Amino acid sequence: MDITEHCVVALTWTLKDTLGETLDVLDEPVEFLVGGDDLLPTIEAALQGHGAGATVDLHLEPEQAFGDFDDQLVFLEPRRLFPAELEEGQTIEGHALPVGTNPDAPKDRLYTVTEIYPEHIVLDGNHPLAGIAIRLHLRVEGVREATEEEVGRGSCGTGFFRVEVDPHGLPPDHTVH
């Protein structure tokens with residue numbers, strides 16, 4: 001079966017920056033809905049017509065991938081508002097930010113704790129790969145028809161390419177992929 005609109009594709013990948021540094025490797029296949037919200041449009045277009053076993057190499061500029069870095073999505077917040085066990089790299093849903101944080105911080109974002117200081121912390125609402133041109137080596141591990149439920153949801157439930165906050169909450173073990 002070739003990849004078309006509203007099918008499910010199982011992918012593995014190697015993601016590098018333009019200097020060739022590996023940013024992410026996915027060895028175990030993950031399923032994505034083509035024609036839904038799981039993949040970036042550039043990736044979907046490049047996959048069209050390919051079948052299992054195909055490899056696709058892409059170079060994506062920030063505007064084709066995770067967008068430009070927006071310094072308006074970086075917030076300095078009082079350390080005292082957050083739990084003592086807070087760690088750098090931890091993510092916090094925008095609608096779950098403690099009372100007293102900046103009211104201008106959009107609630108529909110996932111924030112990463114990028115730095116912790118004695119008096120304040122830095123929260124970044126940008127995608128971790130915002131502002132970075134990337135090279136993506138994809139391997140199509142499988143293709144199948146999407147179920148009615150997947151098409152109705154617009155997703156296989158994979159959030160790698162779309163870091164957005166579900167207003168009903170993300171599972172506590174939510175990761176980049």
Side-chain angles (χ1 to χ4, degrees), residues 10-33 36-43 58-139 141 153-177:
L11 299 173
T12 55
W13 66 66
T14 301
L15 177 68
K16 296 181 178 188
D17 64 16
T18 55
L19 298 175
E21 183 176 330
T22 300
L23 303 173
D24 189 54
V25 175
L26 181 64
D27 291 323
E28 294 297 318
V30 172
E31 289 188 328
F32 298 90
L33 177 66
D37 296 326
D38 289 346
L39 293 169
L40 297 168
T42 308
I43 295 172
L58 298 171
H59 174 90
L60 303 176
E61 291 298 322
E63 61 272 8
Q64 298 170 301
F66 302 101
D68 289 319
F69 184 84
D70 183 353
D71 61 1
Q72 298 297 307
L73 293 174
V74 178
F75 298 92
L76 194 63
E77 300 294 345
R79 175 68 181 96
R80 63 179 161 65
L81 298 177
F82 295 85
E85 62 273 5
L86 188 73
E87 297 178 7
E88 286 185 13
Q90 190 172 344
T91 57
I92 303 170
E93 297 174 41
H95 66 268
L97 290 173
V99 173
T101 56
N102 190 324
D104 294 334
K107 302 299 183 214
D108 64 343
R109 291 283 178 165
L110 189 64
Y111 292 90
T112 302
V113 178
T114 58
E115 297 176 82
I116 300 176
Y117 297 99
E119 298 298 320
H120 63 272
I121 68 165
V122 179
L123 295 178
D124 187 347
N126 288 286
H127 186 282
L129 298 177
I132 298 174
I134 58 173
R135 292 182 181 157
L136 188 58
H137 175 77
L138 298 166
R139 178 171 167 78
E141 302 292 343
R153 262 194 339 246
S155 175
C156 284
T158 306
F160 181 83
F161 292 103
R162 304 278 191 208
V163 177
E164 298 172 351
V165 174
D166 177 348
H168 306 293
L170 294 170
D173 62 345
H174 178 75
T175 59
V176 173
H177 74 256

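This is a predicted model, so every value here is computed, not measured.
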Seminar exercise, completed: Rounded to the nearest 0.5 angstrom, the CG-NE2 distance for Asp108 and His95 is 10.5 Å
Exercise. Quick one: are Thr101 and Leu81 in side-chain contact, heavy atoms under 4.5 Å?
Worked result: yes
For this session: For atom CZ of Arg79, decide whether the heavy atoms of other residues, nucleotides or ligands shown that lie under 6.0 angstrom number more than 12.
Result: yes
Seminar exercise, completed: Applying salt bridge (Lys or Arg N to Asp or Glu O under 4.0 Å) to Glu88 and not counting sequence neighbours gives none
Seminar exercise, completed: Test side chain to side chain contact (heavy atoms under 4.5 Å, CB included), reference Asn126, set Asp70, Thr114, Asp68, output is Asp70
For this session: Take the angle between the ring planes of Phe75 and Tyr111 and call it parallel below 30°, perpendicular above 60°, tilted in between.
Result: perpendicular
For this session: Please round to the nearest 0.5 Å and tell me the distance separating atom CG of Leu60 and atom CZ of Arg135.
Result: 11.0 Å
For this session: Write down the atom of Leu23, the atom of Ile134, and the distance for their closest heavy-atom approach.
Result: CD1-CG2, 4.3 Å
For this session: Decide if atom CD of Glu119 counts as having more than 12 heavy atoms of other residues, nucleotides or ligands within a radius under 6.0 Å.
Result: no
Exercise. Is a side-chain N or O of Asp124 found less than 3.5 angstrom from the main chain of Thr112, in a donor-acceptor match?
Worked result: no
For this session: List the atom of Phe82, the atom of Leu86, and the distance in Å for their closest heavy-atom pair.
Result: CB-CD2, 3.8 Å
Exercise. Tell me, do Phe66 and Ile132 make a side-chain contact under 4.5 Å, heavy atoms counted?
Worked result: no
Problem set entry | Which atom of Glu31 lies closest to which atom of Cys156, heavy atoms considered | O-CB, 3.7 Å
For this session: Mind checking the CD-CD1 spacing from Gln64 to Ile43? Nearest 0.5 Å is all I need.
Result: 10.0 Å
Exercise. Heavy atoms, side chains only, cut-off 4.5 Å: are Leu123 and Val113 in contact?
Worked result: yes
Exercise. Just how far is it from atom CD1 of Ile121 to atom CD1 of Ile92, taken to the nearest 0.5 Å?
Worked result: 5.5 Å
For this session: Output the distance between atom CD (Glu141) and atom CZ (Arg139), rounded to the nearest 0.5 Å.
Result: 5.0 Å
Exercise. Counting distance only, does the side-chain N/O of Arg153 pair as donor-acceptor with the main-chain N or O of Ser155 below 3.5 Å?
Worked result: yes
Exercise. What's the shortest heavy-atom distance between Thr12 and Asp27, and which atoms?
Worked result: CG2-O, 3.3 Å
Exercise. Nearest heavy-atom pair of Leu40 and Ala65: which atoms, and what distance?
Worked result: CD2-O, 3.4 Å
Problem set entry | Approximate separation, where rounding is to 0.5 Å, of His137 NE2 and Thr14 OG1 | 6.0 Å
Exercise. Any idea which heavy atoms bring Ala133 and Thr18 closest together, and the distance?
Worked result: CB-CG2, 3.5 Å
Problem set entry | Note, Leu129 side chain near Asp24 side chain (heavy atom, < 4.5 Å) | no
